[in-house]
J.: 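I'd like to ask you about the structure that follows.
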Amino acid sequence: MSFDVAAVRRQFPILSQIIDGQPVHYLDNGASAQTPDAVLDAVRTYETTGRANVLRGVHRLAERATEAYENARIEVADFLSVAPMEIVFTGGCTAAINLVAYSYGSLLKPGDRIIVSELEHHSNIVPWQLLRQRSGIELDVVPVTVNGRIDLNALPRLLTPRTKLISLAHVSNVTGTLLDVHAVVTLAKTVGAKVMLDGAQRAPHGPLDLAAMGIDFYAFAGHKAYGPNGIGVLWAKSELLEAMPPFLGGGSMIGRVTFAETTWAPPPRRFEAGTPPIGPAIGLGAACKWMRTLDWNSAHAHEMGLVERLMDGLQKIDGATLFGPASTQNRYPVVSFLLDGVHPHDVAQTLDSFGVAVRAGHHCCQPLMDRFDLDGTTRVSIAPYNDNTDIDALLTGVQHAARTLR
Amino acid sequence: MNDQLYQDRIVSLAKAKTGAGKLASPTKSARRDNPLCGDRVIIDVKLDDGGKISEIGHQVRGCLLCQASASALASVAVGRNAAGIEKVRLDAERAIGREEGEAGEPFSAFAPVKAHKSRHECVLLPFEALKDALS
Ligand SMILES: Cc1ncc(COP(=O)(O)O)c(C=O)c1O
């Protein structure tokens with residue numbers, strides 16, 4: 001089926017902007033994606049017709065706000081094929097992972113082990129290091145293959161009866177590689193370990209069936225999934241959420257407070273202390289609903305078609321090499337490359353002068369950069385609204401950098 | 001294309017690699033990292049008895065702006081003490097618009113960086129490393 005990219009583009013007002021006489025070629029979606037009218041409208045409707053705090057008021061605006069906020073939870077749950085009561089709104093993906101590290105982490109004992117991989121974003125490394133400092137757990141690291149995939153052949157020998165959690169990127173924010181979740185879950189079961197996925201780079205590419213995946217925790221960020229900033233999601237199986245103590249304390253997360261003893265509200269409220277980011281949550285609900293309006297078979301084919309166009313073009317540029325697999329199989333549309341003799345920041349800056357937005361640097365993955373002895377990479381991250389003109393403008397800019405900066 | 005940043009003078013400074021490399025037996029060395037972008041500069045200096053730089057070497061793992069700045073700095077560093085280097089830094093800061101006044105040579109080459117705030121630190125990192133080495 002063909003994909004009407006023009007129709008998708010029209011829904012994103014920012015893409016029709018002209019800056020300094022140039023169109024916007026936005027290929028930095030892995031850092032933050034753009035947001036469609038459907039999301040902007042939902043946030044505006046809340047702000048202009050139902051703005052109030054949630055859960056606490058009896059007046060009409062408060063009821064509207066509460067209903068919109070809880071509807072957003074249902075939209076997110078539908079997007080992930082899970083129960084709404086298993087959806088915890090957080091401040092972002094990082095906040096969601098930290099929540100698990102504090103709360104689930106507090107149930108772990110010294111000597112228990114957590115496995116991460118060499119390609120993790122710092123937000124799926126540092127929270128576990130902080131937990132290690134607090135409670136004496138041990139961290140094990142699965143290496144990556146030369147192609148930049150998590151080397152699952154190396155996973156079995158890291159598993160021990162003390163392994164309690166395996167926390168891995170569902171899709172790499174540097175190489176776009178997709179994790180073989182089934183293999184990880186199967187291996188985790190042999191020692192009874194839980195599985196958490198950092199879905200920051202997967203969630204923006206269509207609905208998921210978390211329940212069918214056999215995992216225990218999933219985290220993602222709203223702003224990378226066409227939603228607002230300041231909102232993220234933690235999904236966890238309800239029996240895990242039930243067993244987990246609160247992370248932050250305050251209003252809304254309590255059952256009953258006395259100075260002698262305070263009881264906790266049931267999940268998900270137990271983990272949503274204080275006034276939540278209401279407008280952003282409503283916007284994220286709208287983003288999840290919007291994503292479900294796309295035909296993702298054709299959207300994904302479109303995205304991967306752009307990846308092929310990009311890879312073909314890069315191959316023709318002297319000195320350009322891909323970092324990560326050269327194949328489009330088992331990957332999502334995130335592509336890193338190097339330009340021999342030109343620093344990634346200079347590539348990205350040159351691209352900016354062609355109206356092309358990309359990200360350059362270590363991508364918050366310093367251990368991965370160290371493993372390959374890289375200063376960084378230039379990263380192209382694609383969304384369904386990108387088109388051939390975006391890729392062609394990028395290739396022109398890379399050619400220019402190759403010609404002028406070496 | 002709106003390419004104002006990578007003008008020939010900056011590219012030439014970077015390619016000149018003046019002072020690039022390690023010193024065999026430096027009096028002092030310092031390393032500076034920019035945690036945001038991952039740029040890294042190591043500066044070695046040999047000092048004479050009066051505290052003046054008699055030799056300088058830099059190893060830059062970073063972008064073209066950082067390389068050009070290290071190269072420009074090395075081209076004027078010999079014979080200067082810490083106070084003399086501060087004067088040179090003022091030129092660099094003038095070039096990128098952080099200080100009032102005309103930037104002296106060769107730092108006037110960095111004027112195009114003025115409009116790119118996110119890249120100012122790239123120009124200043126070699127100065128930070130040299131300051132550490134001299135302190
Ligand atoms: C794989 C991955 N994990 C986690 C994050 C952190 O997301 P946020 O900064 O929105 O919390 C990112 C974003 O850069 C990411 O790409």
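In the text below, chain A, chain B and the rest are named by the order of the sequence lines, each starting its count at 1. Quick caveat: nothing in here was measured; it's all calculated off a predicted structure.
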J.: Can you tell me if Glu100(B) has over 12 outside heavy atoms packed within less than 6.0 Å of its CD?
T.: no
J.: Please give me the minimum heavy-atom distance between His343(A) and Asp39(B), naming the atom from each residue.
T.: NE2-OD1, 3.5 Å
J.: Could you tell me which non-hydrogen atom of Leu374(A) sits nearest to which non-hydrogen atom of Arg61(B), and how far apart they are?
T.: C-NH2, 3.4 Å
J.: Once you round to the nearest 0.5 Å, how far does NE2 of His345(A) lie from CZ of Arg119(B)?
T.: 6.5 Å
J.: So which of His116(B), Arg40(B), Gln67(B) has the largest heavy-atom pair count under 4.5 angstrom toward chain A?
T.: His116(B)
J.: Is the backbone N or O of Leu64(B) less than 3.5 Å from a side-chain atom of Asp346(A), with the two atoms forming a donor-acceptor pair by type?
T.: yes
J.: Is atom NZ of Lys15(B) surrounded by more than 12 heavy atoms (other residues, nucleotides or ligands) closer than 6.0 Å?
T.: yes
J.: Go through the atoms of Leu351(A) and report whether side chain, backbone, both or neither lie under 4.5 Å from a heavy atom of chain B.
T.: neither
J.: Taking side chain as C-beta onward, heavy atoms only, is Val11(B) less than 4.5 Å from Thr404(A)?
T.: no
